[in-house]
Amino acid sequence: MKLVDELYNLYKNKLTGDEEDIDMLAFAFLEEMSKEDLLHIIQELNEQELYDLMGLYLIESLKGKFAKDDYRRQDNHVFSLRNLH
């Protein structure tokens, strides 16, 4: 993706590349973008890049939902196992 290449080239010598730096860079970039800017970037993606983007979004979103659901089940499970007498 052209955008990723541009961001990488701009910051490769300024950041360590650890997860915290990458998160900071991504969120700072997104904070400056409007919905129209983002839609323009999406329109410029080729078909494979669009599938990759949607795939990553779906995977991460589903991981989050399953993790929340698993946390709720574990939380409820703790209370159901307690002997209250």
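Between atom CG of residue Asn46 and atom NZ of residue Lys2 there is a gap of 13.0 Å, rounded to the nearest 0.5 Å. Separation of atoms CG (Asn13) and OG1 (Thr16) is listed at 12.0 Å; rounding is to 0.5 Å.
Shown are Met33, Glu31, Glu32; of these, the side-chain contact (heavy atoms from CB on, under 4.5 Å) with Phe29 is made only by Met33.
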Practice problem: Any chance you could lay out the side chain to side chain donor-acceptor pair (under 3.5 Å) test for His40 and Glu44, step after step, and finish with the verdict? | Solution: CA-CA 6 Å; His40 180 73; Glu44 290 182 344; 2.8 Å; yes
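Apart from Phe27 itself, the hydrophobic cluster it occupies contains nothing, where clustering links Ile, Leu, Val, Met, Phe, Trp and Tyr at side-chain heavy-atom distances under 4.5 Å. Leu62 belongs to a hydrophobic cluster whose remaining members, ordered by chain and number, are Phe66; membership requires side-chain heavy atoms of ILVMFWY residues under 4.5 Å apart, directly or through intermediates.
For Leu53, the side-chain contact (heavy atoms from CB on, under 4.5 Å) criterion is met by Ile42, Leu45, not counting sequence neighbours. For Asp23, the side chain to side chain donor-acceptor pair (under 3.5 Å) criterion is met by no residue, not counting sequence neighbours. A search for salt bridge (charged side-chain N to carboxylate O under 4.0 Å, His left out) contacts involving Asp18 returns nothing, not counting sequence neighbours. Checked against side-chain contact (heavy atoms from CB on, under 4.5 Å), Leu15 has the following partners two or more places apart in sequence or in another chain: Tyr11, Asp21, Met24, Leu25.
Ile41 and Val4 fall within the same hydrophobic cluster, defined by Ile, Leu, Val, Met, Phe, Trp and Tyr side-chain heavy atoms under 4.5 Å apart, directly or through other members. Ile22 and Leu7 are not part of a single hydrophobic cluster, where members link through side-chain heavy atoms under 4.5 Å apart. Note on Leu50 and Leu30: same hydrophobic cluster, where clusters join Ile, Leu, Val, Met, Phe, Trp and Tyr whose side-chain heavy atoms are under 4.5 Å apart, directly or indirectly.
Annotation for Lys12 and Asn9: closest pair NZ-OD1, 3.7 Å, computed over non-hydrogen atoms.
Sequence neighbours left out, the pairs with a member in residues 49-68 that pass salt bridge (Lys or Arg N to Asp or Glu O under 4.0 Å) are Glu60-Lys63.
Applying the 6.0 Å contact sphere to CD of Glu6 captures more than 12 heavy atoms from other residues, nucleotides or ligands.
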